[in-house]
Structure formats: C-alpha cells, structure tokens
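Just so you know, these numbers use all the heavy atoms, side chains as well, and skip hydrogens, waters and symmetry mates.
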Amino acid sequence: MSPSLAYVIEELKNHSIPEKASFFPKFFKAFPGGYGEGDLFLGVKVPHQRKVAKKVYRFIELDELSKLIQHPYHEVRLTGLLALVYRYEKTKSEANQKDLVDFYLSHLDHVNNWDLVDSSCHHILGHFFRKRDKSLFYELADSGHLWSQRIAMISSYFWIKKGEFADALALAEKLKNHSHDLMHKAVGWMLREIGNRDFEVELGFLKEHYQTMPRTALRYAIEKFPEDLRQDFLKGRV
C-alpha cells in the first residue's frame, strides 16, 4: 500500500515540538499582515521533514502528494515538496521529468513561503529548464506575485552552479527594485552566488546597478567582498 496523507501527518506529528509550533508562526510571518498570514504549524524541524520525505517519495501516489502540497500545515506542504524533489532527482526519463515539472507548476499557489520556494524550485525547474527556453521565468518575474517572482529568481541558482549566469543576471536586473525585502534578499543572494564563481561578473553588474539597488540586496550581494571594497560600495565610492 502506498503512503497516505494520514500516514505522513502521523509521522510528522511524532517529531512535533510544541515550542517550535509556537515559534514558527513568528519566524515565517504567519501573523495578520505578514507574508505567511494564516499559515499553520506542527512544530517539526526540517531534518525530520526530510527524513519523512525520504521514506515516502518512491511509493506515494501523485494524488496523495498533491494533498500534501495543498495541506494547510506548513510542514506537511514542505514534506510534500521535498518528496517531489527526491522523486524528480531519481527520474531519468525526460517525459517523466516533464510530468513532475507540470505537477509542480500546477501547485505553485501552495509554494507560498520562502523556505518552500528555496527547497524546491531550483532542484526541479532550474534543472529541467537549464538547456530549454526560459520564458517561463520571465513570465513569473512579471507576474506581480511574490512567491512566483522568488521562484523565478531562485530557480537560477541551478544555472549559476553550472557557471551559466546570463539569465540569472537578467532576472536580477528585472527584480532588483521589487518592493519586498524577500526579493531583495533573493536577488542579493543569487548575485553573491555568481560572485563566488566569477567575481568579475558580479562586480561588473554591481558597478552598473548598485546605486539603484535596495540596501538589503546590496548587502547580501557584497557580503563576502574584501572589507575595503564592501565599504566603498556601501558608501557610494565605486
């Protein structure tokens, strides 16, 4: 018998920590007006979610996986997304990979916090679209929807790790002046990852754009710069 939603929830509840259940709503801004408003938490740490996801990903049916990803509890959604990532990474057929990509895209409304985005999109979308047309990511970037826009930016992490920066830079330019600090952090993080692999590429981008970038994005981007150069950027001396 394939694992069910009820089985996964029971496994997660076995690892529930009441103190975490109280802390997570604050951490993930689930209070009124926060970006995670209304989200619910069991109080399960990510390593335990990964452990459960690894137990079920080979055998769980997609309809049950869909229920996980749409579940009102945050940790159930993340466990479902982690199981989807593990299944995708073990899938060699392009046709079957495409099916999982389509499945992921059909559930984007439930990939609705930064950890859900960051734990899934670059593993699935970043991998699948590496050598394919990337218009999807520009559409997501233009969507006006915070989590879709973060998916567009963080998916580029896979290409960056392969030394392919063009689309990541284009998306960073498009999203660098977003109104939300979660996007400022995402843009700065991806620029820093580019710099970790090719310092001159990041430096060139920042010289052109740093004076119009939000401070948070700039601070993330230059976090590993030599201190004198970091100060030059922060004080507008570049």
Non-hydrogen atoms of [X] and [Y] that approach each other most closely:
X: His180; Y: Leu182; value: ND1-N, 3.0 Å
X: Ile60; Y: Pro3; value: CG1-O, 3.5 Å
X: Ala53; Y: Leu82; value: CB-CB, 3.8 Å
X: Phe158; Y: Gly126; value: CD2-O, 3.6 Å
X: His15; Y: Val52; value: CD2-CG2, 4.4 Å

Just wondering, more than 12 heavy atoms not from Glu227 lying within 6.0 Å of its CD? yes
Just wondering, more than 12 heavy atoms not from Lys98 lying within 6.0 Å of its NZ?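 No - once you tally the heavy atoms of other residues, nucleotides and ligands closer than 6.0 Å, there are 12 at most.
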Check ion pair [X]-[Y] (N to O, under 4.0 angstrom):
X: Glu37; Y: Lys29; result: no
X: Glu202; Y: Lys207; result: no
X: Arg197; Y: Glu193; result: yes
X: Glu10; Y: Lys13; result: no
X: Lys185; Y: Asp181; result: yes

Heavy atoms, side chains only, cut-off 4.5 Å: are [X] and [Y] in contact?
X: His127; Y: Glu89; result: no
X: Ile69; Y: Leu116; result: no
X: Tyr220; Y: His184; result: no
X: Leu191; Y: Met213; result: yes
X: Val238; Y: Leu206; result: no
X: Lys176; Y: Thr212; result: yes
X: Leu65; Y: Phe103; result: yes

Pick out which of Leu68, Asp39, Val111 makes a side-chain contact (heavy atoms from CB on, under 4.5 Å) with Arg77.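 Testing Arg77 for a side-chain contact (heavy atoms from CB on, under 4.5 Å) against Leu68, Asp39, Val111 leaves exactly one candidate, Asp39.
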Take Tyr210 and Phe205, measure what ring pair (Phe, Tyr, Trp, His ring centres under 6.0 Å) needs, and give me the verdict at the end. CA-CA 8 Å; Tyr210 84 98; Phe205 181 92; over 10 Å; no
Does [X] qualify as a cation-pi partner of [Y], given the criterion of NZ or CZ under 6.0 Å from the six-membered ring centre and within 45 degrees of its axis?
X: Lys90; Y: Tyr86; answer: no
X: Lys134; Y: Trp159; answer: yes
X: Arg132; Y: Phe128; answer: yes

Check the pair Phe129, Phe137 against ring pair (Phe, Tyr, Trp, His ring centres under 6.0 Å), reporting the backbone distance first and the verdict last. CA-CA 10 Å; Phe129 286 98; Phe137 302 95; 5.5 Å; yes
Check the side chains of Gln70 and Ser66 for a donor-acceptor pair under 3.5 angstrom, ignoring hydrogens and angles. yes
Between His122 and Ser156: side-chain donor-acceptor atoms closer than 3.5 Å: no
Just do the ring pair (Phe, Tyr, Trp, His ring centres under 6.0 Å) check on His74 and Phe28 with the steps written out, would you? CA-CA 10 Å; His74 188 101; Phe28 290 105; 4.7 Å; yes
Could you see if Tyr138 belongs to whatever hydrophobic cluster contains Leu136? Use Ile, Leu, Val, Met, Phe, Trp, Tyr and a side-chain cutoff under 4.5 Å. yes
